[in-house]
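Okay, so here's the structure we're looking at.
Residue numbers begin at 1 in each chain, while the letters A, B, ... track the order of the sequences. Heavy atoms only: backbone and side chains are in, while hydrogens, waters and symmetry mates are out.
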There are 2 protein chains.
Amino acid sequence: MTQKKVEHLLKAHQLRRTETRVEVLELFLEKDMALAQKDIEDELGTIDRITLYRTLRTFEDKGLIHRAIDGSEKLRFALCSHECNPVEGHFDEHAHFHCKVCEKTYCLEQIHTPSVRVPKGYQIESSHLVLKGICEHCS
Amino acid sequence: MTQKKVEHLLKAHQLRRTETRVEVLELFLEKDMALAQKDIEDELGTIDRITLYRTLRTFEDKGLIHRAIDGSEKLRFALCSHECNPVEGHFDEHAHFHCKVCEKTYCLEQIHTPSVRVPKGYQIESSHLVLKGICEHCS
DNA sequence: ATTTATTTGCAACAATGATGCAATTAACTA
DNA sequence: TAGTTAATTGCATCATTGTTGCAAATAAAT
């Protein structure tokens, strides 16, 4: 059923079905957390670095994945919920938790980023809540 | 008076007064925003890359500056308030605003990071609120 | 002025980000 | 099903950033 879902996701976002894209998407679906390029390389082994780099950018452009701000040095991506789309942009209104032990980043869908009073002159387009600590597997 | 303050800050954190450290500290005091290594290099010109790299790490270790999570790819540091110290760690309980136009990062001291309900099993050690948009100078 | 532990600056290397280009291939068409 | 074409890949290449070892330089104490 992941197969079907992957095919549908690719088609829905006007992306050709290639080996790399399928593998990457399957991994995102399976892991259900934010992944850095390195994480993906380690999991998929044979994948080409540049192809993966562009695959992630393409997925981001088309609204399949978004950058997960987790306060780590690594750039991570997470699967988008259905609200994301290439026209209106990304909706990513949940908190991200980054474990300092295993260095994994989890999306906490149940925790929404709070709305804050806008300081004078500042136009806020998005807000992100980053939580750091120790995850349930490491504590 | 910045002179005095710089001297005091260095002495208070048991750091020798060197040219690089003084210049970097003065810049932080003057700019009053989060700075990436590149920003500092551009401002100070002649500074050595590695020395600056280590200066920033040292300042961080000693509790003079902290990492400002701003959701950008760049690692930025901001001057600590007095509550930070090397023993108990960093307190950085205010929001950071990152402007997508000028790419500067401001500390919004008046906006505190909200406390959130802890999900089961997760131990939260710090939380960070990142705001993105357009700053008052760019809008 | 001398001593000593700290700090600097260079060399060197790894990892990551980014782009041009020719070869390959997915999806469409006849 | 074979052929066409635009998208995609993989390589080469380069820039930037992060990191460490080490010898020379230097701040602070004596």
Side-chain angles (χ1 to χ4, degrees), chain A residues 3 6-27 34-77 86 103 105, chain B residues 3 6-27 34-77 86 103 105:
Chain A
Q3 289 264 6
V6 166
E7 308 252 333
H8 172 260
L9 276 172
L10 288 174
K11 196 161 277 181
H13 291 86
Q14 297 151 47
L15 290 165
R16 288 191 182 178
R17 188 198 164 287
T18 70
E19 190 62 16
T20 299
R21 288 175 179 174
V22 171
E23 285 185 19
V24 172
L25 252 189
E26 281 176 348
L27 191 64
L35 298 174
Q37 166 140 1
K38 186 67 165 46
D39 302 331
I40 301 171
E41 282 172 17
D42 290 348
E43 288 283 342
L44 300 185
T46 55
I47 207 161
D48 180 73
R49 192 176 72 94
I50 287 97
T51 300
L52 176 56
Y53 172 84
R54 281 190 279 221
T55 297
L56 292 172
R57 265 66 185 178
T58 303
F59 279 5
E60 188 190 17
D61 289 344
K62 299 284 184 174
L64 260 169
I65 60 178
H66 63 259
R67 290 167 191 235
I69 296 176
D70 70 351
S72 77
E73 254 83 299
K74 281 186 185 168
L75 172 59
R76 278 167 225 267
F77 293 93
E103 295 189 337
T105 301
Chain B
Q3 289 264 6
V6 166
E7 307 253 331
H8 173 260
L9 277 171
L10 287 174
K11 196 162 276 180
H13 291 85
Q14 297 151 49
L15 289 165
R16 289 192 182 178
R17 187 198 164 286
T18 70
E19 190 62 18
T20 299
R21 288 175 179 174
V22 171
E23 284 184 20
V24 171
L25 251 190
E26 281 177 350
L27 190 65
L35 300 174
Q37 167 141 0
K38 187 70 164 49
D39 301 331
I40 301 172
E41 282 172 17
D42 290 349
E43 288 281 344
L44 300 185
T46 55
I47 209 160
D48 179 73
R49 190 176 72 93
I50 288 97
T51 300
L52 177 55
Y53 171 83
R54 281 189 278 217
T55 296
L56 292 173
R57 264 65 184 176
T58 302
F59 279 4
E60 188 190 18
D61 288 345
K62 298 284 182 171
L64 262 169
I65 59 176
H66 62 257
R67 290 167 191 236
I69 296 175
D70 69 352
S72 77
E73 254 82 301
K74 281 185 187 169
L75 172 59
R76 276 169 228 266
F77 293 94
E103 295 188 336
T105 300

Is the distance from OP1 or OP2 of D:dT8 to the nearest side-chain N or O of A:Thr51 less than 4.0 Å?
-> no
When the nearest nucleotide of DNA chain D is assigned to B:Glu41 and to A:Leu15 on a heavy-atom basis, which residue is associated with the more 5' position?
-> A:Leu15
Using atom CG of B:Asp39 as one end and atom P of D:dT16 as the other, report the distance to the nearest whole Å.
-> 15 Å
Nearest-neighbour nucleotide for the B:Arg54 side chain, D:dG10, C:dG17, D:dG21 considered | D:dG21
Starting at NZ of B:Lys74 and ending at P of C:dG17, how long is that distance when rounded to a whole Å?
-> 14 Å
Short N-O contact, B:Arg17 and B:Glu7, less than 4.0 angstrom | yes
B:Thr18 side chain N/O closer than 4.0 Å to the phosphate oxygens (OP1, OP2) of C:dT8?
-> yes
Taken to the nearest whole Å, CD/A:Glu19 to P/C:dT25 is 12 Å
Here the distance between atom P of D:dT9 and atom CD1 of A:Ile47, to the nearest Å, is 9 Å
May I ask you to decide whether B:Glu73 forms a salt bridge with A:Arg67, counting only side-chain N to carboxylate O separations under 4.0 Å?
-> yes
May I have the distance from B:Arg16 (atom CZ) to C:dT6 (atom P), rounded to whole angstrom?
-> 7 Å
Just wondering, do B:Arg16 and B:Leu10 contact through their side chains at under 4.5 Å, heavy atoms?
-> no
B:Arg76 and B:Ala36: which non-hydrogen atoms are nearest, and at how many Å?
-> CG-N, 3.5 Å
Check the side chains of A:Arg21 and A:Thr55 for a donor-acceptor pair under 3.5 angstrom, ignoring hydrogens and angles.
-> no
In whole angstroms, how far is the C1' atom of C:dT7 from the OH atom of B:Tyr53?
-> 16 Å
A:Ile65 versus A:Leu56, closest heavy-atom pair with distance | CD1-O, 3.4 Å
Give the nucleotide from the list C:dG17, D:dG18, C:dT7 with an atom nearest to the side chain of A:Gln37.
-> C:dG17
Candidate nucleotides C:dG17, C:dT7, D:dG10, ranked by approach to the side chain of A:Asp48 - the nearest = D:dG10
Is there a side-chain polar atom (N or O) of A:Arg57 under 4.0 Å from OP1 or OP2 of C:dA18?
-> yes
Salt bridge flag under 4.0 Å for residues A:Asp61 and A:Arg57 = no
To the nearest angstrom, how far is A:Asp61 atom CG from C:dA18 atom C1'?
-> 14 Å
Which atoms of nucleotides 11-14 of chain C (N or O only) lie under 3.5 Å from a protein N or O atom, and what are those distances?
none

Could you check how far CD of A:Glu73 sits from P of C:dG17, rounded to whole Å?
-> 12 Å
